[in-house]
Amino acid sequence: MESQKMQNKNGQINIVLYDKEGVKVEPDQRQRISYNESSPFYRIDQEFSSFVGMDYLKHSIKEIYAMITINEKRKQVGLNSSNQVLHMLFKGNPGTGKTTIARKLASVYYDMNILSKGHFIEAERADLVGEYIGQTAQKTRAIIQKAAGGILFIDEAYSLARGGEKDFGKEAIDTLVKHMEDDHDDFVLILAGYPYEMERFLLLNPGLKSRFPFILDFQDYAVDQLLQIAKKMLQEREYQLTNEAEWKLREQIILEKNHSPHNFSNARFVRNVIEQSIRKQAMRILKQNKISTDTLITLTRQDLVFDKLSSY
């Protein structure tokens, strides 16, 4: 196979591939995340730029994109190519971004041509487990069919096994395992939950763990990362913290993390603080009756009140 560099009118360099017979290989017209010689992962970096941390996950997505791109090149020149199973298991405490990332992957996988629809279906135990014999498999298959072409996300997946041996949840697990293998070409299953509980869950079915080539640990955020997340949330809402308010928030995050290290809700706690602080600020401004652009966007130390605010 030979390649030729061609420069378009915008100055961007494209690589044109030719097969062994000298026939030009056309790129897949549907692929919206495009290959770029200088930065092949530019679009992926853009898509995940707003997510703090998660370096391993971002690296995994780049590997998947590289595999898809090279597989297409292999097909175009008549070489064998194979599809990779992309089912995932997310382990992490609340507020570490599991659901947000799963929702983002649905659209990214659609852009990569991995999924035909790119929609996101979130299900729980009640959506899968029936009340009598035969109902569970039927309900589970219906959810899988609904998710075909997209991502099926099941949070707290270990709840499927909470009823013991006679519970119908085991039937739901068995049905999921079967379709993970049969329908993996246009269907991605993501199971998520607390780290310890998910480890126990994987032991329920001998073939369950091997069905997940991507098992990702969502680590708790560090204090500086949580402050970065807070500033992103505030920027999206067009607010800002005073220096004193920022220090107060930092101190409270440290206190909450040390007090409940296994139950701290990470970014969810930060979001709750911000939303409550915005309400407190609104009350303060109305009482003072001094409204200006500066007062409307500024959250002060007195606006940050943590009483009755749960981190769980």
Side-chain angles (χ1 to χ4, degrees), residues 41 44-45 47-67 84-109 112 114 120 122-125 151-162 173 176-177 180 184 187-230 232-233 253-254 256-271 311-312:
F41 307 113
I44 296 175
D45 287 332
E47 291 289 338
F48 290 93
S49 62
S50 63
F51 294 97
V52 176
M54 302 185 183
D55 293 337
Y56 180 74
L57 178 134
K58 295 174 185 176
H59 179 75
S60 297
I61 302 306
K62 290 179 180 179
E63 284 187 342
I64 292 169
Y65 170 67
M67 178 204 68
Q84 185 171 338
V85 176
L86 298 178
H87 303 307
M88 295 181 167
L89 190 140
F90 292 172
K91 298 186 296 181
N93 288 323
T96 50
K98 300 185 295 296
T99 304
T100 305
I101 286 292
R103 188 176 287 111
K104 169 63 73 173
L105 286 176
S107 62
V108 169
Y109 282 170
M112 289 183 184
I114 294 173
F120 178 81
E122 186 171 358
E124 57 185 21
R125 176 185 165 89
I151 285 180
L152 173 59
F153 178 77
I154 305 175
D155 199 8
E156 298 185 4
Y158 37 78
S159 66
L160 295 173
R162 68 186 181 195
I173 297 169
L176 286 170
V177 169
M180 287 171 70
H184 70 269
F187 163 68
V188 173
L189 175 67
I190 299 179
L191 303 184
Y194 289 92
Y196 175 73
E197 286 82 351
M198 290 305 292
E199 285 292 340
R200 293 184 60 191
F201 173 73
L202 289 174
L203 301 176
L204 295 175
N205 184 298
L208 192 57
K209 188 171 186 176
S210 63
R211 296 295 196 280
F212 294 96
F214 298 94
I215 298 179
L216 304 177
D217 290 305
F218 284 66
Q219 301 293 330
D220 287 347
Y221 289 109
V223 174
D224 287 341
Q225 290 178 321
L226 288 168
L227 284 172
Q228 185 180 348
I229 290 170
K232 284 179 177 290
M233 291 180 178
I253 289 173
I254 293 172
E256 294 288 339
K257 282 177 66 70
N258 291 337
H259 178 68
S260 306
H262 299 295
N263 295 307
F264 179 61
S265 61
N266 291 275
R268 193 178 301 168
F269 171 74
V270 170
R271 183 194 65 203
S311 66
Y312 301 103

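Along the sequence shown, residues carry numbers from 1. Note: hydrogens, waters and symmetry copies are ignored here, and every other heavy atom, side chains too, is used.
Looking at Lys62 and Asp45, a side-chain N of the basic residue comes within less than 4.0 Å of a carboxylate O on the acidic one, giving a salt bridge. Between Lys91 and Glu199 there is a salt bridge, since a side-chain N of the basic residue sits under 4.0 Å from a carboxylate O of the acidic one.
Pro94 and Asn266 make their closest contact through O-ND2, 3.1 Å (heavy atoms, listed as atom of the first residue, atom of the second, distance). Among all heavy-atom pairs drawn from Ile215 and Phe212, the shortest one is CG1-O, 3.7 Å.
Ring geometry for Tyr65 versus Phe41: interplanar angle over 60°, hence perpendicular rather than tilted (30 to 60°). Phe218 and Phe90 have tilted rings, their planes meeting at an angle from 30° to 60° on a 0 to 90° scale.
The NZ atom of Lys104 sits 13.0 Å away from atom OH of Tyr109, with the distance rounded to the nearest 0.5 Å. The OG atom of Ser60 lies 6.5 Å from the CE atom of Met88; values are rounded to the nearest 0.5 Å.
You'll find the side chain of Ile173 reaches within 4.5 Å of the side chain of Phe201, heavy atoms only. Residues Ile151 and Arg103 form no side-chain contact, since every pair of their non-hydrogen atoms from C-beta on lies 4.5 Å or further apart. Put simply, the side chain of Ile190 does not reach to within 4.5 Å of the side chain of Leu89, judged on heavy atoms. When side chains are defined from C-beta on, Glu124 does not count as touching Glu156, because their heavy atoms never get closer than 4.5 Å. Side-chain atoms of Pro213 and Leu86, non-hydrogen and from C-beta on, never get closer than 4.5 Å to each other. Contact of the Phe48 side chain with the Val108 side chain is registered, since non-hydrogen atoms from C-beta on lie closer than 4.5 Å. Between Leu216 and Met54 the shortest side-chain heavy-atom distance does not fall below 4.5 Å. Inter-residue side-chain proximity for Lys257 and Val223 is flagged as met; some heavy-atom pair is nearer than 4.5 Å.
Counting only distance, with no hydrogens or angles, the side chain of Lys98 and the backbone of Asn93 share a donor-acceptor pair below 3.5 Å. Looking only at distances, no side-chain donor or acceptor of Lys58 sits under 3.5 Å from a matching main-chain atom of Ser49.
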ring-ring contact (aromatic ring centres under 6.0 Å, His included) assessment of Phe187 paired with His87: CA-CA 8 Å; Phe187 163 68; His87 303 307; 5.8 Å; yes
